[in-house]
Amino acid sequence: MAMEKTFDAAEAEQRLYEAWERSGAFKAGANAAPGAETFSIMIPPPNVTGSLHMGHAFNNTLQDILVRWHRMRGFDTLWQPGTDHAGIATQMVTERDMAANDEPTRVEMGREAFIDRVWQQKVKSRGTIIGQLKRLGASADWSREAFTMGGAAGDPEKGQGPNFHDAVIKVFVDMYDKGLIYRGKRLVNWDPHFETAISDLEVENVETSGHMWHFKYPLANGATYEYVEKDENGAVIFRETRDYISIATTRPETMLGDGAVAVHPSDARYAAIVGSLCEIPVGPKEHRRLIPIITDEYPDPAFGSGAVKITGAHDFNDYAVARRNGIPCYRLMDTRAQMREDGAPYAEAAAIAMAVARGERTLDEAEVDAINLVPDDLRGLDRLEARKRVVEQITGEGLAVMVPGDPEESGGNVCMDPGMVPLVEAKQIMQPFGDRSKVVIEPMLTDQWFVDTAQIVQPAIDAVRSGEVTIMPESDRKVYFHWLENIEPWCISRQLWWGHQIPVWYGLDLERGAFRDDEGDGALDMVEMQRLLWDQSLAPGTDRYHAAPDFDGLGAKFDDVLAGLPTPLNHARLIEVADRGAAMHALAESLAEYVATQDPTQLVYPVWRDADVLDTWFSSGLWPIGTLGWPEDTPELQKYFPTSTLITGFDIIFFWVARMMMMQYAVVGQKPFSHVYVHALVRDEKGKKMSKSLGNVLDPLELIDEYGTDAVRFTLAAMAAMGRDLKLSTQRIAGYRNFGTKLWNAARFAEMNGATPAALGSDYSHAAPPAATETVNKWIIGETARVRAEVDAALDAYRFNDAAGALYVFVWGKVCDWYVEFSKPLLTDGSDAVKAESRATMAWVIDQCLILLHPIMPFITEELWSNLGARQKMLIHADWPEYGSELIDAGADREMNWVISLIEAIRSARAQMHVPAGLQIPLLVTSLDPAGEAAWSRNEAMIKRLARIESLEHVDAFPKGCATVAVEGGTFGLPLADIIDVEAEKARLDKTLGKLEKEIGGLKGRVNNPKFAASAPEEVVAEARENLALREEEAETLRAARARLAELG
RNA sequence: GGGUGAUUAGCUCAGUUGGUAGAGCGCUUCGUUUACACCGAAGAUGCCGGGGGUUCGAGUCCCUCAUCACCCACCA
């Protein structure tokens, strides 16, 4: 059966992959040698609803190369696959799908039904990404496929994979018990679209154009002060009497929640008014709030007016200032970042705030949070609309800082002074956006769960510092340290439904009579209610990790109570909802009624579970142990953990790598992996990040369809130079597709010439190289040994591009360009012994090519492997060679390099003399050293064939019209009397001489420099001398030839 | 504002302890010699961003400047 001219990737890939999978070739431990070392890699789990993009293709190609390489070398190898439940992303995808199918909305169907719906989505789309990874050739142990939410409530495939959920819950509870996890009201990044908190890593800061307004905060009771500005030398440059303090802001709507104005303690301009009150210049006139002027280190006297308004609930800096100074943080917005509508009317709320500002009253956190300081006319408005109204109101009242300008141009129709306009600076500001929602993030004061990262970060730093865990490349190590050394608490709660629900239950102590106020009339103060709700949080008693059986029924009853509430609320989100005031009152009444109607001796404790779910990265942070069956002490855990290598992109160093380090040390006290290889981002050919919106996405599957998986993989490997961006072009892929074809045709040639294991009746997969007598054969065997060492060294150092490059140069540049050509005369005209030896050598060399290329190009090599002979094992399990420099024959090396250089020199001369390519010409030689003579006689047939030479004749001197070819140890000539172009030959010689002389000049400079001889290493000096001698000899020959031509005229 | 990485042939990029520049694509010329036109042969193209320094010797180490990219960051 003759082989096709090219490899049909589309036809073969699926067939080969199925054969591998069917044979169990990917299974953990497959092909392991007895007592072998282990090698394990955890796949960075792709989103379960995702599809394969270039980054996945790159990442998984590199993993597969390492895995296949180790497996062939007999390591006990595990590549652990799986997918990630990807909280926000998956919830988003599912809701989009639901909308497209006119299904009820998430809120309409309720939590439980929605979660079931997401599970359906998960089961449906899981196959997509897995199938795509298989098309890439990924040799992961699919029988062990894991899911970061496997085993959680509603999992229709519960029990089929590792129970990741139980592991996550156990970690949460254990860390909670150790005090590593806490709950608290903190300012967090709030995504108003998804209505959830997100971590700071999920925020993208983008520079956008905004405005900075300047407003006057009048001093209370019409007080005035001397405002004096001085220059650097202390000379007064400006002085006026003021009855206000000037404040700049980019977010005027947050003025409503101001708790103070802060100035730097050293700022002399305001020293006189520190401690007094000023007025927030917005809101109903009769209820203007007064706030204190305080000092804090935070304001920069040199920036703006030097005075900063402090809005603790809506700005991270202000929050810190407020906390330091005991300033109340008044929350102004609801979960959708609209101005609050709940609570008492503005007049009432403002009165309380006033009392606080005057120091007449103190409030606790919950009480402060209950106060809604949004004026009645602004309640319910969007942030931006509220901002517009606030600016209008202040400006209309004349409290904007004014500067000269044309009112028409500024568009202001509210100006009172002709020729003056409000000071509004156009300004680039960094605005936070949600990385998923792309909406503006709002700092929001909410109750959230946090990991106290400061307590667990140290081992993660120390391990890398000490070399226990290595991170490559070096620059990413620095990035890693920088982040961990400045670690912030990790907000791990998300107000989503899809995820690991936090295993904390809350209850009310009814026996304490919590539902009766002091008068005992059954009415419960809303704030008191809220405080109780959270103060009574507890972890369930009997089963620490699951819903306590004792509470189950009661929890349902409590749900019944809640069902009667006016709004269909997720009850544990009461604290977050916009109208929670009304909800709280209703809840209190319902509970009071419940208590009243119960037999006091039968009183039960309503219990409900925290509705929040965990940050996706909390669970994927446990991927290394969770996939191996922890907390069970499974054989896999013992064998494959800690894992060997993690291959990942730099974009998730913080999200994932750092978290895995912290979590694994915190939970099992061990490193998750020994090596981290951080690879570059795949970009388009112009270097742009691939994104759907730019339309520059290269779909790896389309590329695979067009060029075959092997070509795509080889390209990615060849471009994997560490620490760089990877710019992908289809031309490059086509080039490597051609490389595959080249290999294919070399194998085809071997087959046509009986140089295959099939024809030779042996299996060369294990065989040592054949004993060779022919120089060519000795030479190629040595070259093979050389490339084997190069590939191993390169892969060992994660230099995938070096491995790919070495193989490319060897297969194409050595085997195909030279060895196949050299072998032709041997295979056709050689003696039987020479033929046999050459066939055996070629069969062996091709086999070695297949073996060495297999990790990078698994399909075409496996296909050739079976085509060329019956094998004991598939190539995927073939033994990786270990031979080394003992196969390199220095003499053969030297001789073949001489032959090659002679052929190249003759070809070059012929081409430049325009000798017709097919014309056989004689070759003359005037001098040839013994080594050259021997080389010629042993390789005559090859030289003649490849250089198109018909004969060799020794002469004393070259005749007229002869092109001179100088090689080491010999001077050859091409007699071209009739066809030689004297001028062309002169030009050719001059050019070659020019190059040589330049080189000789450099070498002489070095060799003649006494300091060079004194300070350079001996071998470098010797090499330079030797080189110089050779070049001078060659130049001498050419100069003689040049002189002869000159005589010709 | 801080950090990291870049700047090498027309394009995209290699260049691992400093020894004097490489690949693929593209381009030019020639070529159907029994593996391959997804091919073969030959060829052209680089003050290795600018400047300074260390060294016998620097694309490679140090300093500085310029430009670009990315990451981190609280300037109202």
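Each chain gets a letter, A, B and so on, in the order the sequences are listed, and its residues count up from 1. All values below come from the heavy atoms of this structure, side chains included, with hydrogens, waters and symmetry mates left out.
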TODO: Just call it for A/Pro1010: base, sugar-phosphate, or nothing, with non-hydrogen atoms closer than 4.0 Å on any strand.
DONE: nothing
Please enumerate all protein N or O atoms sitting under 3.5 Å from an N or O of nucleotides 34-41 of chain B, with distances to 0.1 Å.
unit_1: B/A35; atom_1: OP1; unit_2: A/Lys824; atom_2: NZ; d: 2.9
unit_1: B/A35; atom_1: O3'; unit_2: A/Arg748; atom_2: NH2; d: 3.3
unit_1: B/A35; atom_1: O2'; unit_2: A/Asn745; atom_2: OD1; d: 3.0
unit_1: B/A35; atom_1: O2'; unit_2: A/Arg748; atom_2: NE; d: 3.3
unit_1: B/A35; atom_1: O2'; unit_2: A/Arg748; atom_2: NH2; d: 2.9
unit_1: B/A35; atom_1: N6; unit_2: A/Cys816; atom_2: O; d: 3.0
unit_1: B/A35; atom_1: N6; unit_2: A/Glu821; atom_2: OE2; d: 3.1
unit_1: B/A35; atom_1: N3; unit_2: A/Asn745; atom_2: O; d: 3.4
unit_1: B/A35; atom_1: N3; unit_2: A/Ala746; atom_2: N; d: 3.4
unit_1: B/C36; atom_1: O4'; unit_2: A/Asn745; atom_2: OD1; d: 3.3
unit_1: B/C36; atom_1: O2'; unit_2: A/Asn745; atom_2: ND2; d: 3.4
unit_1: B/C36; atom_1: O2; unit_2: A/Lys742; atom_2: NZ; d: 2.8
unit_1: B/C36; atom_1: N3; unit_2: A/Lys742; atom_2: NZ; d: 2.9
unit_1: B/C38; atom_1: O4'; unit_2: A/Asn738; atom_2: OD1; d: 3.1
unit_1: B/C38; atom_1: O2; unit_2: A/Arg737; atom_2: NE; d: 2.7
unit_1: B/C38; atom_1: O2; unit_2: A/Asn738; atom_2: OD1; d: 3.0
unit_1: B/C38; atom_1: O2; unit_2: A/Thr741; atom_2: OG1; d: 2.7
unit_1: B/C39; atom_1: OP1; unit_2: A/Asn738; atom_2: ND2; d: 3.0
unit_1: B/C39; atom_1: O3'; unit_2: A/Lys742; atom_2: NZ; d: 3.0
unit_1: B/G40; atom_1: OP1; unit_2: A/Lys742; atom_2: NZ; d: 3.0
unit_1: B/G40; atom_1: OP1; unit_2: A/Trp812; atom_2: NE1; d: 2.5

Open item on the list: Nearest to the A/Lys478 side chain among B/U12, B/A76, B/U4, which nucleotide is it?
Closed with: B/U4
Task: Counterpart residues, side-chain hydrogen bond (donor to acceptor under 3.5 Å, both in side chains), relative to A/Arg732 (two or more places apart) - done: A/Tyr736
List, one per line, each side-chain donor-acceptor pair under 3.5 Å for residues 904-911 of chain A, sequence neighbours excluded.
unit_1: A/Arg907; atom_1: NE; unit_2: A/Leu946; atom_2: O; d: 3.2
unit_1: A/Ser908; atom_1: OG; unit_2: A/Gln912; atom_2: NE2; d: 2.9
unit_1: A/Arg910; atom_1: NH1; unit_2: A/Leu919; atom_2: O; d: 3.1
unit_1: A/Arg910; atom_1: NH1; unit_2: A/Ala947; atom_2: O; d: 3.2
unit_1: A/Arg910; atom_1: NH1; unit_2: A/Arg948; atom_2: O; d: 2.8
unit_1: A/Arg910; atom_1: NH2; unit_2: A/Pro916; atom_2: O; d: 3.0
unit_1: A/Arg910; atom_1: NH2; unit_2: A/Ala917; atom_2: O; d: 3.2
unit_1: A/Arg910; atom_1: NH2; unit_2: A/Leu919; atom_2: O; d: 2.8

Which atom pairs, one a donor and one an acceptor, fall under 3.5 Å between side chains of residues 482-490 of chain A and the rest of the protein, sequence neighbours left out?
unit_1: A/Glu485; atom_1: OE2; unit_2: A/Arg465; atom_2: NH2; d: 2.3
unit_1: A/Asn486; atom_1: ND2; unit_2: A/His482; atom_2: O; d: 2.7
unit_1: A/Trp490; atom_1: NE1; unit_2: A/Asp615; atom_2: OD2; d: 3.0

TODO: Tell me, please, which residues at least two apart from A/Asn753 pass side-chain contact (heavy atoms from CB on, under 4.5 Å).
DONE: A/Phe749, A/Leu827
Task: Sorted by number, the residues of residues 297-305 of chain A with heavy-atom contact under 4.0 Å to RNA chain B - done: A/Tyr298, A/Pro299, A/Asp300, A/Phe303
TODO: May I ask you to decide if A/Val321's main-chain N or O and A/Asn325's side chain share a donor-acceptor pair within less than 3.5 Å?
DONE: yes
TODO: Rounded to whole angstrom, note down the C1' distance from B/U45 over to B/U28.
DONE: 11 Å
Open item on the list: A/Asp802: which residues meet the side-chain hydrogen bond (donor to acceptor under 3.5 Å, both in side chains) condition with it, sequence neighbours left out?
Closed with: A/Arg799
- [ ] Evaluate the ring planes of A/Phe739 and A/Trp812, with Trp represented by its six-membered ring, and classify them as parallel (under 30°), tilted (30 to 60°) or perpendicular (over 60°).
- [x] parallel
Task: Donor-acceptor pair between A/His264 and A/Glu297 side chains, under 3.5 angstrom - done: yes
Open item on the list: Just to be sure I follow the notation: if a pair is Watson-Crick (purine N1 to pyrimidine N3 plus N6-O4 or O6-N4) or a G-U wobble (N1-O2 and O6-N3), each under 3.5 Å, what dot-bracket string does RNA chain B give, with | for pairs to another strand?
Closed with: (((((((..((((.....[..)))).(((((.......))))).....(((((..]....))))))))))))....
Task: Listed nucleotide nearest any side-chain atom of A/Val1020, set B/G19, B/A73, B/G5 - done: B/G19
- [ ] Apply salt bridge (charged side-chain N to carboxylate O under 4.0 Å, His left out) to A/Glu1023 and list each qualifying residue two or more places apart in sequence or on a separate chain.
- [x] none
Open item on the list: Under the rule for ring pair (Phe, Tyr, Trp, His ring centres under 6.0 Å), what residues qualify as partners of A/Tyr480, not counting sequence neighbours?
Closed with: none
Tabulate protein N/O versus nucleotide N/O from nucleotides 20-22 of chain B, keeping only pairs under 3.5 Å, one per line.
unit_1: B/U20; atom_1: O4; unit_2: A/Arg1006; atom_2: NE; d: 3.1

Open item on the list: What's A/Gly306 touching, base or sugar-phosphate or nothing? Going by heavy atoms closer than 4.0 Å.
Closed with: base
Task: With A/Glu204 via salt bridge (charged side-chain N to carboxylate O under 4.0 Å, His left out) - residues at least two apart - done: A/Lys438
TODO: Fit a plane to each ring of A/Tyr798 and A/Tyr677, take the angle between them on a 0 to 90° scale, and name the class: parallel (under 30°), tilted (30 to 60°) or perpendicular (over 60°).
DONE: parallel
